[in-house]
Number of protein chains: 2
Amino acid sequence: MKTKLKPDADLSAQIAKAIRDAIVSGELIVDARLPSEAELSETFGVSRPTVREALKRLAAQSLIRTQRGATGGAFVNRLRFDEAYGDQITTSTLLLSMNDVDFETACEARFALERACAPLSAKRRTADHLAAMRAEIHRQQQPGLSDEGFCASDVAFHRTLVDGAENPVLSYHLAGAVEGMQPLMNMITFSARDRARIIALHVALTDALEAQNPVGVEAQLDALCQETLRLGRDVRAARTRNTAP
Amino acid sequence: MKTKLKPDADLSAQIAKAIRDAIVSGELIVDARLPSEAELSETFGVSRPTVREALKRLAAQSLIRTQRGATGGAFVNRLRFDEAYGDQITTSTLLLSMNDVDFETACEARFALERACAPLSAKRRTADHLAAMRAEIHRQQQPGLSDEGFCASDVAFHRTLVDGAENPVLSYHLAGAVEGMQPLMNMITFSARDRARIIALHVALTDALEAQNPVGVEAQLDALCQETLRLGRDVRAARTRNTAP
DNA sequence: AGACATTTAAATGTATGACAATTCTTTTCA
DNA sequence: TGAAAAGAATTGTCATACATTTAAATGTCT
């Protein structure tokens with residue numbers, strides 16, 4: 001492992017970077033055990049708390065895991081797709097909320113990315129995917145469903161569509177785009193008429209997917225995008241009316 | 001800030017989670033100052049080193065920044081798109097390398113996502129984008145260029161295509177997909193004939209983009225995908241020949 | 001009064017040492 | 001032989017102290 005450090009930063013950050021580089025470069029492979037905290041503090045010439053701060057930084061990025069006990073220590077962690085979803089979604093959500101991203105911009109990105117999955121999903125969707133999507137549609141038809149519940153079901157519906165492509169890389173990248181938009185979507189009030197429109201599009205989309213008709217899937221996605229943008233405009237219009245009458 | 005902690009985890013992880021939740025939920029807004037480390041250790045009933053480990057975890061995710069001095073402390077950080085690129089790329093790269101993702105799967109995901117940008121880029125690309133892409137094409141034509149250099153230029157070319165959509169959300173998500181594949185691409189040896197083919201496709205793609213012809217852009221992307229898959233198959237075939245003759 | 005130097009205070013950064021908790025290994029004893 | 005007990009290695013946590021940085025308060029001189 002490299003012991004060359006970049007100056008002008010916290011020691012713990014420098015040490016974390018050195019170890020991270022060793023992992024990314026492949027110098028430390030999956031499940032390799034790092035030296036003990038005591039050895040690392042010797043190697044880098046710092047105290048144990050400083051080493052620990054560095055290790056916590058890496059643990060926060062799921063690059064290492066730690067085990068106590070005699071045969072314990074810090075081990076290079078195998079980063080798995082399903083584990084990476086959470087961070088990806090959190091980061092996407094924060095990026096949208098902290099940078100005042102237009103609803104239109106986020107919406108455009110989301111549906112553009114979803115469209116990318118349409119041909120693959122149309123080819124590979126299984127009966128399970130179709131059943132899961134129809135189950136969500138059924139849930140969306142419940143009269144007592146709250147707006148948040150409707151939104152959550154919508155997200156689940158679309159994530160199943162994405163998973164239909166049977167490509168974990170695609171699912172990973174789309175998770176952030178789809179779930180990250182949920183807070184923005186939650187600002188929308190879905191009238192009964194709005195819901196009916198969306199559900200009709202969901203049904204048409206699922207039918208096209210069942211028929212393995214990629215063009216049809218893309219068409220319904222485009223229609224959903226337009227519908228969602230319209231709802232977003234309505235919310236903004238209502239807010240403008242209220243704040244500047 | 002919530003002081004309710006989830007058991008069965010390191011204290012520093014629990015505290016980091018509590019603060020992270022407060023940030024994600026909006027309870028702590030951008031640029032808000034967290035209590036000092038001494039106050040936090042009082043609040044959570046733990047020692048200062050433990051609090052510091054928690055803060056380092058958050059700093060590793062760019063959720064907070066710290067400042068020394070009298071008016072210093074830990075502040076909620078505004079997560080910016082360009083800062084988030086780095087982590088996104090690192091994570092994507094590790095996901096591919098640590099999970100033995102097929103070249104085909106990664107390639108499929110990458111070009112599917114890039115296709116999603118085609119219509120928007122065709123609509124919005126500026127002269128600057130076109131110039132940058134043609135500059136990369138010129139670089140790719142240099143005879144002395146190494147395979148790594150060719151690859152890096154290829155990545156730059158495609159990222160410019162993505163940026164042409166003028167949608168930061170899209171650029172963010174695509175950065176991981178495109179750059180994360182670079183290590184896989186670096187395993188390919190590009191013969192002079194391969195390069196000529198790819199460059200021809202790049203030229204055709206850029207021409208279609210200049211003509212604002214989305215269908216043309218998508219067609220060239222599909223061709224590039226096929227070409228890349230072919231090169232990947234060649235590498236695998238060569239390796240199979242060598243390891244099991 | 002104003003400008004400049006000094007002190008002070010608050011905060012993070014780092015070090016030291018100790019002890020607790022956990023887990024595997026080794027030894028001991030029935 | 002087998003099970004219990006001791007031992008050793010390692011991470012988790014704590015308490016305390018000191019170093020460093022930064023801004024504000026204070027003082028001093030012109």
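Just so we're on the same page: letters track the sequence lines, and every chain starts at 1.
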Measure the distance from [atom1] on [X] to [atom2] on [N] and round it to the nearest whole Å.
{"X": "F44(B)", "N": "dG12(D)", "atom1": "CZ", "atom2": "C1'", "result": "18 Å"}
{"X": "D10(B)", "N": "dG12(D)", "atom1": "CG", "atom2": "C1'", "result": "7 Å"}
{"X": "K56(A)", "N": "dT11(D)", "atom1": "NZ", "atom2": "P", "result": "9 Å"}
{"X": "E53(B)", "N": "dT13(D)", "atom1": "CD", "atom2": "P", "result": "7 Å"}
{"X": "R52(A)", "N": "dA15(D)", "atom1": "CZ", "atom2": "P", "result": "15 Å"}
{"X": "L55(A)", "N": "dT13(D)", "atom1": "CG", "atom2": "C1'", "result": "15 Å"}

Please examine the side chains of [Y] and [X], heavy atoms only from C-beta on, and report whether any two atoms are closer than 4.5 Å.
{"X": "M185(A)", "Y": "T228(A)", "result": "yes"}
{"X": "D154(A)", "Y": "F190(A)", "result": "no"}
{"X": "V169(A)", "Y": "V101(B)", "result": "yes"}
{"X": "E136(B)", "Y": "L161(B)", "result": "no"}

- request: Answer yes if the side chains of N167(B) and T105(A) hold a donor-acceptor pair under 3.5 Å, and no otherwise.
  value: no
task: Report the residue (G73(B) or T71(A)) whose heavy-atom-nearest nucleotide on DNA chain C is the more 5′ of the two.
output: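 Of the two residues, G73(B) wins.
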- line: From the list I89(A), T91(A), T90(A), L96(A), side-chain contact (heavy atoms from CB on, under 4.5 Å) with T93(A) holds only for I89(A)
field: Option passing side-chain contact (heavy atoms from CB on, under 4.5 Å) with V76(B) (candidates L34(B), I19(B), I29(B), L63(B))
entry: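 That would be L34(B); it is the only one of L34(B), I19(B), I29(B), L63(B) passing the side-chain contact (heavy atoms from CB on, under 4.5 Å) with V76(B).
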field: Angle by which the axis turns from one end of the helix from dA1(C)-dT30(D) to dA30(C)-dT1(D) to the other, five pairs per end, to 10 degrees
entry: 20°
- prompt: Does S36(A) or P49(A) map to a spot on DNA chain D nearer the 5' end, using the closest nucleotide for each?
  reply: S36(A)
message: Does dA15(D) have OP1 or OP2 under 4.0 Å away from a side-chain N or O of R48(B)?
response: no
query: Would one find a side-chain N or O of T50(B) under 4.0 angstrom from OP1 or OP2 of dC14(D)?
result: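 Affirmative; the distance criterion is met.
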field: Salt bridge E114(B)-R110(B), side-chain N to carboxylate O under 4.0 Å
entry: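 Between R110(B) and E114(B) there is a salt bridge, with a charged N closer than 4.0 Å to a carboxylate O.
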message: Taking any heavy-atom pair under 4.0 Å as a contact, classify R65(B): base, sugar-phosphate, or nothing.
response: nothing
message: Show, in sequence, the C-alpha distance, side-chain angles and deciding distance for R124(B) and D163(B), and conclude whether the salt bridge (charged side-chain N to carboxylate O under 4.0 Å, His left out) test is met.
response: CA-CA 10 Å; R124(B) 302 184 191 149; D163(B) 289 342; over 6 Å; no
message: Could you tell me the boundaries of the chain A footprint on DNA chain C, defined by atoms under 4.0 Å from its heavy atoms?
response: dG13(C) to dC24(C)
